[in-house]
Enquirer: 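Before I ask anything, here is the structure I am working with.
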There are 2 protein chains.
Amino acid sequence: MTEAPRPPRTPHPRKPVRGSATGRPLMAALDLFGRRWTLRILWELREQALGFRPLQQRCDGMSSSVLRQRLTELQEARLVEHDTAGDYRLTPLGRDASKELRGLHQWSERWAAALEQAPSDNSDAQP
Amino acid sequence: MTEAPRPPRTPHPRKPVRGSATGRPLMAALDLFGRRWTLRILWELREQALGFRPLQQRCDGMSSSVLRQRLTELQEARLVEHDTAGDYRLTPLGRDASKELRGLHQWSERWAAALEQAPSDNSDAQP
DNA sequence: ACATTCTGCTTCGATTTTCGAAGCACTGGC
DNA sequence: GCCAGTGCTTCGAAAATCGAAGCAGAATGT
């Protein structure tokens, strides 16, 4: 055999993660939440459990392969669980995390407001 | 010419972003913060301005090309600015955002505590 | 019973992102 | 002059992400 196709890792507190070997819980969280779609999934699940495809649709039709990967990670991290009806829902820990997302939501509105005021000088910026 | 090497886009509120065309500020924020190292950079700058290389070192020696990209994005998003001494520092908006990160920090400690209690049944989990 | 739709999920090649080592020009000691 | 430390760029390689396709099982309709 040429190379063992090593499986992707789910970040856990007290363990080394991508970008930090110290095991600090925050670093594990930053690794987890810094992956594309992770925050979005928590956001969409914040107030209702959803099945795989409905969740995929809410996430603007994100790729199913990545959705599967993210759900697995979030389950291993104990933020999400599979309920008896077969839907995905936040665990208490996940709900806790999604509350922090609400703060981000409010921040984003402030951000938008601030940028709308800024003169910003976009003459040669993004076309 | 064969193909214009289109430049990467910095997410902005009120504009369509990767994964959402609605222009909702939150979606822009999720795109921005869902990129690797973005949260980490805000975290490291939260209480002090830093030059390029010192910042890179604090981020566990992250790749300089990505650091450059992230700094550009964060500057375009007005979360980070270049001060007169040549260091990178958070703008008021950036400091505001970094406060939300503190919440994430606290959450991560609760996360670690919860996982330490969980029986967790890792018999066949990650090797 | 049968067909149709929806579901959760997998596979796989293509595209995009991220990495990391190297290099370059500039600055400030010494 | 020399040397070390900056900010930053370039570029090939590796990894993450995409997206279209397919499949088996459950629900639904007729």
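Chain letters run A, B, ... following the sequence lines, proteins first and then strands; every chain starts at 1.
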Enquirer: Does some side-chain heavy atom of B/Thr22 sit less than 4.5 Å from a side-chain heavy atom of B/Pro16?
Expert: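 Result no, sub-4.5 Å side-chain heavy-atom pair not found.
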Enquirer: Measure from CG on A/Leu67 to P on D/dT17 and round the result to the nearest Å.
Expert: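 One finds 13 Å between P of D/dT17 and CG of A/Leu67, rounded.
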Enquirer: Could you tell me the separation between the CG atom of A/Asp31 and the P atom of C/dC19, rounded to a whole number of Å?
Expert: 10 Å
Enquirer: Are any of the side-chain nitrogens in A/Glu100 or B/Arg110 under 4.0 Å away from the carboxylate oxygens of its partner?
Expert: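 Salt bridge present between A/Glu100 and B/Arg110.
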Enquirer: B/Ser64 has a side chain; which of C/dA22, D/dG19, C/dC24 sits nearest to it?
Expert: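 In terms of side-chain proximity for B/Ser64, the closest of C/dA22, D/dG19, C/dC24 is C/dA22.
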Enquirer: Calculate the interatomic distance between B/Leu71 atom CG and D/dC8 atom C1'; express it in whole Å.
Expert: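 Roughly 11 Å, once rounded to whole Å.
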Enquirer: Within the pair A/Arg18 and C/dT18, is there a side-chain N or O less than 4.0 Å away from OP1 or OP2?
Expert: no
Enquirer: Could you give the CD-to-P distance, from B/Gln56 to D/dC8, as a whole number of Å?
Expert: 12 Å
Enquirer: Write down the distance between CZ (B/Arg53) and P (C/dC26), rounded to a whole number of angstrom.
Expert: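 It works out to 16 Å between those atoms.
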Enquirer: Given D/dT17, C/dC9, D/dG19, which nucleotide is nearest the side-chain atoms of A/Gln69?
Expert: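 For the A/Gln69 side chain, the nearest candidate turns out to be D/dT17.
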Enquirer: Does C/dC9 have its OP1 or OP2 closer than 4.0 Å to a side-chain nitrogen or oxygen of A/Tyr88?
Expert: yes
Enquirer: Could you check how far CD of A/Gln57 sits from P of C/dT7, rounded to whole Å?
Expert: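 Checked: the CD to P distance equals 7 Å.
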Enquirer: For B/Gly34 and B/Ser65, find the nucleotide of DNA chain D closest to each by heavy atoms; which residue's nucleotide sits nearer the 5' end?
Expert: B/Ser65
Enquirer: With the side chain counted from C-beta on, respond yes when B/Arg14 and B/Pro25 share a heavy-atom pair under 4.5 Å apart, and no when they do not.
Expert: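 They are in side-chain contact.
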Enquirer: Picking from C/dC9, C/dT18, D/dG19, which would you name as closest to the side chain of A/Ser63?
Expert: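 Nearest listed nucleotide: D/dG19.
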Enquirer: Once you round it to whole Å, what is the distance between P of D/dA16 and CZ of A/Arg9?
Expert: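 My rounded result for the distance is 12 Å.
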Enquirer: Rounded to whole Å, please give me the gap between CG in A/Leu32 and P in D/dA16.
Expert: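 So the CG-P distance, A/Leu32 to D/dA16, works out to 14 Å.
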Enquirer: Assign A/Gly86 to base, sugar-phosphate, or nothing according to its heavy-atom contacts below 4.0 angstrom with the strands shown.
Expert: nothing
Enquirer: Parallel, tilted or perpendicular: which describes the rings of A/His105 and A/Trp43, with under 30° parallel and over 60° perpendicular?
Expert: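 Geometry flag for A/Trp43 against A/His105: perpendicular rings.
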Enquirer: Any non-hydrogen side-chain atom of A/Glu116 less than 4.5 Å from a side-chain atom of B/Pro13?
Expert: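 In short, these two side chains do not touch, never coming nearer than 4.5 Å.
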Enquirer: Would one find a side-chain N or O of A/Arg68 under 4.0 angstrom from OP1 or OP2 of C/dC9?
Expert: yes
Enquirer: Would you indicate, yes or no, if C/dC19 has its OP1 or OP2 atom less than 4.0 angstrom from a side-chain nitrogen or oxygen of B/Trp37?
Expert: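 So the side chain of B/Trp37 is within the cut-off, an N or O lying under 4.0 Å from OP1 or OP2 of C/dC19.
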Enquirer: Considering only C/dT18, D/dC8, D/dT6, which nucleotide approaches the side chain of B/Pro54 most closely?
Expert: D/dT6
